[in-house]
2 protein chains.
Amino acid sequence: MRPESRKQEIINAAAILFKEKGYSAVTMRDLAKAMGIKAASLYNHIQSKQEILSTIIIDLAEEFTTGMNQIANSDQNAIQKLQNIINLHIDVTLRNSDGLASLNNDWMHLEEENLQYFEKMRHEYEESFRNIVYKGVDKGDIKSYNIEIMVFSTLSTLRTLYLWYPKQKNIDADILKRDMMSVLLKGIV
Amino acid sequence: MRPESRKQEIINAAAILFKEKGYSAVTMRDLAKAMGIKAASLYNHIQSKQEILSTIIIDLAEEFTTGMNQIANSDQNAIQKLQNIINLHIDVTLRNSDGLASLNNDWMHLEEENLQYFEKMRHEYEESFRNIVYKGVDKGDIKSYNIEIMVFSTLSTLRTLYLWYPKQKNIDADILKRDMMSVLLKGIV
DNA sequence: GTCTATACGGAGATAGAC
DNA sequence: GTCTATCTCCGTATAGAC
């Protein structure tokens, strides 16, 4: 791994603590102890606790937004797009599963501008996802079950990957992508 | 609705606030304001903030444990048991979706004995679920895909219902049970 | 059952020495 | 870049009057 800036080290350590206890329950003294320094020293690298949270969440949200835009704008069919969305979630989860805990559970502690920005991105992400499923149903690629339940169920699984993946030992990313595709698209029966 | 004890009213109000901001970010002053009284007055009905959290979580966890035990010990096949588990989650979600937020996100803030008790129940619940799927695969009722992914995916969806269900308007419980079954068992393609 | 007043600790953050 | 010392505010919880 390449040397990281002190700021990035703090953010990474914070993401681990936020995952374990949530943003509100982690103190700057906890974070400082995890870094082996005193709390006051953190402020030479970051402006506030809030800045740490917003960096973690906004970076990840923008990553998902960029990825989704590429997928949605491609001229693939719905099934191929769903596969790419699954791949996107798995890739991000493998790279930053700690940060995803904040994205999922602590976004409501963002402050005004970043909160609005995040909610806008999340909403557009869900709309893109929903549109892909709707078009797939229209074309007959996807079953015409209750569409909202399909969207909810699939997104729930993908969003919760960050909790499950770290507990798996030696699971290969490509195998995970293939099997996740099978389970989500073809069901288990 | 029948008249509730003041303590239960406090617990219900707390569950709503915990769902919105998480246990650690909700103060006793927030809770008192939601109840229309002063923070000190809460302590005539509850012993501590921690007691509120553990009541919410342990009651729900015991409900799931009881339900799962009945299902696991019945002489149904795996598919029927899965249907019953889905029904269990939907029933609990309809009745107490606020409390499920704490169960899912704030269990780590339980204190020693209740934390251990909760973790034991959660572990046994997952093991029961896993056993049902394993036996279903053995008997050929369930596909022999990656079993861990099937268990994870299904549980993720059921556990996240509390977030999705309140946003749906006028969805009938029986239709939800039927459609959820279809999506989880038969996939979407 | 609710109030006011208050105790006490710990929160985020800053100033300034080294 | 990290430290010690410290500020101010707000957290949970208690005492005792009404």
Side-chain angles (χ1 to χ4, degrees), chain A residues 2-58 101-102 105-115, chain B residues 2-58 101-102 105-115:
Chain A
R2 62 173 125 64
E4 291 176 290
S5 73
R6 202 85 175 104
K7 179 170 181 174
Q8 193 60 48
E9 286 182 53
I10 290 171
I11 289 170
N12 293 345
I16 294 172
L17 296 179
F18 293 168
K19 178 178 182 175
E20 290 169 353
K21 304 203 298 176
Y23 174 73
S24 301
V26 174
T27 71
M28 296 303 277
R29 289 168 173 85
D30 291 336
L31 177 54
K33 184 172 280 185
M35 294 289 298
I37 58 179
K38 298 291 175 184
S41 306
L42 293 169
Y43 290 89
N44 271 291
H45 307 283
I46 52 105
Q47 289 192 331
S48 64
K49 189 187 177 189
Q50 173 68 206
E51 187 202 359
I52 299 174
L53 182 70
S54 59
T55 302
I56 293 172
I57 294 179
I58 299 296
S102 300
N105 300 319
D106 283 321
W107 57 267
M108 71 285 284
H109 300 119
L110 290 173
E111 287 171 359
E112 208 49 43
E113 283 173 30
N114 278 325
L115 178 58
Chain B
R2 63 174 125 68
E4 291 177 290
S5 73
R6 203 87 175 102
K7 179 170 180 175
Q8 194 58 49
E9 285 181 53
I10 290 171
I11 289 169
N12 292 344
I16 294 172
L17 296 179
F18 293 169
K19 178 177 182 174
E20 290 169 353
K21 303 202 300 176
Y23 174 74
S24 302
V26 174
T27 72
M28 296 303 276
R29 298 190 227 268
D30 292 336
L31 177 54
K33 183 172 281 185
M35 293 289 297
I37 58 178
K38 298 290 175 185
S41 306
L42 294 170
Y43 290 89
N44 271 291
H45 308 282
I46 52 105
Q47 289 192 332
S48 64
K49 189 186 178 189
Q50 173 68 205
E51 188 203 358
I52 299 174
L53 182 71
S54 59
T55 302
I56 293 171
I57 294 179
I58 299 297
S102 300
N105 300 319
D106 282 321
W107 57 266
M108 72 285 283
H109 299 119
L110 290 173
E111 286 172 0
E112 208 48 43
E113 283 174 30
N114 279 323
L115 178 59

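Quick note on labels: first sequence line is chain A, next is B, and so on, each numbered from 1.
B/Ile10 places its CD1 atom 13 Å from the P atom of D/dA13, with the value rounded to the nearest Å. Between the CD atom of B/Gln50 and the C1' atom of D/dG11 there is a distance of 15 Å, given to the nearest Å. Rounded to an integer number of Å, the gap from NZ of A/Lys38 to C1' of C/dC18 is 16 Å. Rounded to a whole Å, the OH atom of A/Tyr23 is 9 Å from the C1' atom of C/dG12. Put simply, CD1 on A/Ile37 is 21 Å from P on C/dC18, counting in whole angstrom units. We find that NZ of B/Lys49 is positioned 5 Å from P of D/dT12, with the value rounded to whole Å. If you measure from atom NE2 of A/His109 to atom C1' of C/dG12, you get 15 Å, rounded to the nearest angstrom. In this entry the distance linking CD of B/Gln47 with P of D/dA13 reads 10 Å, nearest Å.
Proximity of A/Asp30 to A/Lys21: side-chain heavy atoms (C-beta onward) are separated by under 4.5 Å at one or more points. A/Glu9 places none of its side-chain heavy atoms less than 4.5 Å from the side chain of A/Asn12. Taking 4.5 Å as the limit, some side-chain heavy atom of A/Asp106 sits within range of a side-chain heavy atom of A/Leu53.
From A/Glu51, atom CD reaches atom OH of A/Tyr43 across 10.5 Å, with rounding to the nearest 0.5 Å. Distance CD1/A/Ile52 to NZ/A/Lys7: 9.0 Å, rounded to 0.5 Å.
Taking only side-chain nitrogens and oxygens, B/Ser41 never comes nearer than 4.0 Å to OP1 or OP2 of C/dG1.
The A/Thr27 side chain lies nearest to C/dA11 when the options are C/dT4, C/dA11, D/dC3. Here the nucleotide nearest the side chain of A/Met28, chosen from D/dA5, C/dG12, D/dG11, is C/dG12. Nearest nucleotide to the side chain of B/Tyr43, out of D/dG11, D/dT14, D/dC3: D/dT14. Proximity note for A/His45 (side chain, C-beta onward) versus D/dG1, D/dA13, D/dC3: the nearest is D/dG1.
A donor and an acceptor atom never sit less than 3.5 Å apart when one is taken from the side chain of A/Arg29 and the other from the base of C/dG10.
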